[in-house]
Amino acid sequence: MSDPNLTIRQITFDCHDPSRLAEFWSAAAGCEIAADYGDFVMVDSTPALGFQRVEDPTPGKNRMHIDVGGAERETLVERLTDLGATELTTHEAPGLVWTVMQDPEGNEFCVGSPEA
């Protein structure tokens with residue numbers, strides 16, 4: 001019998017400029033751009049990230065976001081800001097600290113403490 005569980009293979013962003021957004025996330029994740037079809041660009045991360053050109057991305061706050069971590073949170077936030085992200089706010093809860101950011105097209109994501 002095959003495994004009934006799903007595997008998340010790719011997260012895809014609707015955007016205006018797939019190449020620009022793929023370059024940001026490729027640099028942020030330290031991964032290569034796997035494929036560039038003009039209107040669709042893929043980054044070779046785990047899971048893979050896809051960026052597809054759409055005429056009118058959904059306005060307002062995205063209903064889903066990526067949580068990332070890695071090096072010391074403050075250092076990572078600074079690096080992502082240097083790459084073109086925008087720092088919005090930092091939150092704290094017992095045992096947790098995370099910073100809400102936006103990528104160059106305004107998609108929100110969170111950078112958490114390594115232990116979070």
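Note that the numbering runs from 1 along the sequence shown for the chain.
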Chemist: Is there a side chain to side chain contact (heavy atoms under 4.5 Å, CB included) between W98 and L96? Walk through the geometry before answering.
Modeler: CA-CA 7 Å; W98 69 96; L96 297 173; 4.0 Å; yes
Chemist: Would you check if H65 and V100 make a side-chain contact, meaning some heavy-atom pair closer than 4.5 Å?
Modeler: no
Chemist: Measure across W25 and D103 and return the closest heavy-atom pair with its distance rounded to 0.1 Å.
Modeler: NE1-OD2, 3.0 Å
Chemist: Distance from T86 atom OG1 to E108 atom CD, nearest 0.5 Å?
Modeler: 10.5 Å
Chemist: Consider side chain to side chain contact (heavy atoms under 4.5 Å, CB included). Of C15, P18, S26, which one does V41 pass it with?
Modeler: P18
Chemist: Taking I8 as the starting point, is it possible to reach V68 by hopping between hydrophobic residues whose side chains are less than 4.5 Å apart?
Modeler: yes
Chemist: Between S45 (side chain only) and C31 (backbone N and O only), is there a donor and an acceptor less than 3.5 Å apart?
Modeler: no
Chemist: Quick one: CD on E72 to CZ on R79, what's the gap to the nearest 0.5 Å?
Modeler: 14.0 Å
Chemist: Taking R9 for its side chain and P47 for its backbone only, find out whether a donor-acceptor pair lies under 3.5 Å.
Modeler: no
Chemist: Enter the distance from I33:CD1 to F51:CZ here, rounded to the nearest 0.5 Å.
Modeler: 8.5 Å
Chemist: Any chance you could measure Q102, atom CD, to N107, atom CG, to the nearest 0.5 Å?
Modeler: 8.0 Å
Chemist: Tell me the closest heavy-atom pair linking G84 and P104, and the distance in Å.
Modeler: O-CG, 3.8 Å
Chemist: Closest heavy-atom contact between T99 and R73?
Modeler: OG1-NH1, 2.8 Å
Chemist: Please step through side chain to side chain contact (heavy atoms under 4.5 Å, CB included) for the pair F13 and I66, ending with a clear verdict.
Modeler: CA-CA 11 Å; F13 294 80; I66 297 174; 3.5 Å; yes
Chemist: Can you establish whether the number of heavy atoms outside E78 located under 6.0 Å from its atom CD is more than 12?
Modeler: no
Chemist: Which atom names give the shortest non-hydrogen contact between M101 and V77, and what distance separates them?
Modeler: CE-O, 3.7 Å
Chemist: Taking all non-hydrogen atoms of both residues into account, name the closest pair between F40 and G50 and its distance.
Modeler: CZ-CA, 3.9 Å
Chemist: Please check this pair: side chain of E105 against backbone of H16, looking for a donor-acceptor N/O pair closer than 3.5 Å.
Modeler: yes
Chemist: Between D14 and Q52, do the side chains contain a donor N or O and an acceptor N or O under 3.5 Å apart?
Modeler: yes
Chemist: Show the numbers, then the answer: is there a side chain to side chain contact (heavy atoms under 4.5 Å, CB included) between D44 and M42?
Modeler: CA-CA 7 Å; D44 190 21; M42 294 172 56; over 6 Å; no
